[in-house]
There are 2 protein chains.
Amino acid sequence: MPRMCPVVTGDTALARRSYQNRTKYAILLIVVSNVLRYNMVAALQISLDNLRDIPAFHALPDEQLMSLAAVMVRRQYAAGHIIFMEGDQAESLWFVASGRVKIIKQSLHGRVQGLCLMDRGKCFGSCPLFDMAKNPATAQALNDVTLFVLPEAALEHMKAHDPHLVKALLHIYSQRLEHLARVSEVLGAWTVPDRINDSLLTYADRDARDPVVELTQEKLASLSGTVREVVSRHLRLLEKAGIVRIEPRRIVILNIDALMPPCACEDQRKPA
Amino acid sequence: MPRMCPVVTGDTALARRSYQNRTKYAILLIVVSNVLRYNMVAALQISLDNLRDIPAFHALPDEQLMSLAAVMVRRQYAAGHIIFMEGDQAESLWFVASGRVKIIKQSLHGRVQGLCLMDRGKCFGSCPLFDMAKNPATAQALNDVTLFVLPEAALEHMKAHDPHLVKALLHIYSQRLEHLARVSEVLGAWTVPDRINDSLLTYADRDARDPVVELTQEKLASLSGTVREVVSRHLRLLEKAGIVRIEPRRIVILNIDALMPPCACEDQRKPA
DNA sequence: CGCATGACGTGATTTAAGTCACATCGTCAC
DNA sequence: GTGACGATGTGACTTAAATCACGTCATGCG
């Protein structure tokens, strides 16, 4: 049977040992991760400036920020740790202060489908906001990450007393909905190379003049719904065409226009 | 270049004439549909009983129902008509009174990826609820359909005055989010036959003892992210195995357990 | 330093699944 | 009845992309 694939993270060693037993290893890793997730490093106070860094809170008056700071908690996770799992009881709303968090779905066969990445300022963990009982997906720290946590109880209180803020959060989730719809389309209707290009664009850090994607090829593959080897080969093609430069654990985009999705360009097939 | 595919609806004739020109026909159809969508048949009053049929409104006191009935509008669309298009200005919240509506994403190449079906009682058109500017996907009448429309203005009013109802609606969208996350996983990590089975389960009408899927193979293919021929072949296999019975425009499920997703059954590969 | 480990490159092979090209049925309109 | 058209069945072919099996190259560490 086909389509078995990379395990949660860092599976090179496992892969080297055994391909047949991947499933078992996957299950194992999930269990291990479940333990790791309580392994946070610290829980400290949060300053107002910290909160102002988060777009949703940016325009809030100081008094509201202070009440938020009083109930929110700072947590840190090491790279690879599972923050919450799909199917878990939904507890709180999470904000990324630094680092990146990967939102994934894992089919029990061990295959991982990345849904999106959350970086600085983004919030995730939709569930309590919607009265959702269980998390719809898994969140994993991509690198070392600092999160601010808004516990469910506080959120409940906010829903009743601060509709304005709730509205801002809902807006964020509208984008989430849109993004997921897009992922579905891309996975269903695009070719794999197009999907890889799209992921490059989506996850590029565009601050610099040469945008950079700080991801291993493994993780890029998961976000594109494919496997490492294919990503590797496709990137090599792009590099030969002068569109990207491959560096360890990162890809530098040299010609961003060349990656633009096939929609834009009417027809990339031979015109004749 | 591969992966070109079924056009919006009823493309058999087109397909017969020309495979090469599909793209052009697809674009054409989209334009045509854009005209058709204003072609609703009637706009009539709505009774309280009509509203009570919708789960979200079920527990509402009469007075609230009456105020809803005052602002909501009934519309009817013929099979195949586009109700709204991806990218359109989001105008209102829609409820399905009868018939079924298909939510789709169309990549400009003419390929259609079905996201979900909405049947009686479901609501769609998330957007105004979230302050979303544009529709994230397209809605098309699958068969003749009657819809109740809650215009944006009324919704705006409701958001301020009836938090309880808004909460109920948000809950619906939490399920939407969950469903989309699932679609993404399924498209990215499952094999095509599994995806078809999953679609059969998802869209079966389970009221009868033998559940029935009232869909053409074409539409089933779109919902599964594949093409008609593959669906046809796979269904034939299922029929030979005694799991379904194929009838024109519908599939009768005889052994629903046999369709259950691969997750459930630990391992469907040979145990040795 | 050696060795484990994790990231990446690549050829060979396999196969799932899309594409093409017709054929077969109903049924509905005229 | 007889086209027309829409839904479906199917064989033959093609190919994108996954899998397998290694090899290379860094980096960290006892």
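Below, chain A is the first sequence line, B the second, and so on; all start at residue 1.
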For the pair made of [atom1] in [X] and [atom2] in [N], what is the distance, rounded to whole Å?
| X | N | atom1 | atom2 | answer |
| --- | --- | --- | --- | --- |
| B:Ile251 | D:dA7 | CD1 | C1' | 11 Å |
| B:Glu239 | D:dT10 | CD | P | 9 Å |
| A:Glu214 | C:dC8 | CD | P | 12 Å |
| B:Leu142 | D:dA7 | CG | P | 11 Å |
| A:Trp190 | D:dA17 | CH2 | C1' | 18 Å |
| B:Ile196 | C:dA17 | CD1 | C1' | 10 Å |
| A:Arg250 | D:dT27 | CZ | P | 14 Å |
| A:Leu237 | D:dA17 | CG | C1' | 13 Å |

Under the side chain to side chain contact (heavy atoms under 4.5 Å, CB included) test, residues paired with B:Val183 that sit two or more places apart: A:Ser184, B:His179, B:Leu187
Sugar-phosphate, base or nothing in reach of B:Ile246, heavy atoms under 4.0 Å: sugar-phosphate
Among [options], which nucleotide sits nearest the side chain of [X]?
| X | options | answer |
| --- | --- | --- |
| A:Val227 | C:dG18, D:dA18, D:dT10 | D:dA18 |
| B:Arg236 | D:dT10, C:dG9, C:dA17 | D:dT10 |
| B:Thr191 | C:dA17, D:dT10, D:dA18 | C:dA17 |
| B:Glu229 | D:dG9, C:dT19, C:dG9 | C:dT19 |
| B:Arg228 | C:dG18, D:dT10, D:dA17 | D:dT10 |

Does OP1 or OP2 of [N] have a side-chain N or O of [X] closer than 4.0 Å?
| X | N | value |
| --- | --- | --- |
| A:Ser232 | C:dG9 | yes |
| A:Thr226 | D:dA18 | yes |
| B:Thr216 | D:dG6 | no |
| B:Gln217 | D:dG9 | yes |

Closest-nucleotide 5' rank along DNA chain C - winner of A:Arg249 and A:Arg233: A:Arg249
Test side-chain hydrogen bond (donor to acceptor under 3.5 Å, both in side chains) applied to [X] - qualifying residues, sequence neighbours left out:
| X | value |
| --- | --- |
| B:Thr138 | none |
| B:Asp119 | B:Lys122 |
| B:Glu214 | B:Arg250 |

B:Asp198/B:Arg182 salt bridge by N-O under 4.0 Å criterion: yes
B:Arg249 and B:Glu247 ion-paired at < 4.0 Å: no
Got a list of protein N/O to nucleotides 28-30 of chain D N/O distances below 3.5 Å?
none

Validation row: B:Val244, B:Leu254 side chains within 4.5 angstrom (heavy atoms): no
Degree of bending in the helix from C:dC1-D:dG30 to C:dC30-D:dG1 once both end axes are built from five pairs, to 10°: 30°
5' priority, DNA chain D, between A:Pro193 and B:Pro248 [closest heavy atom]: B:Pro248
Whether A:Arg195 side chain and A:Ser224 backbone form a donor-acceptor pair below 3.5 Å: yes
Backbone of B:Asp257 reached by a side-chain donor or acceptor of B:Asn255 within 3.5 Å: yes
Ring geometry between A:Phe124 and A:Trp94 (parallel below 30°, tilted from 30 to 60°, perpendicular above 60°): parallel
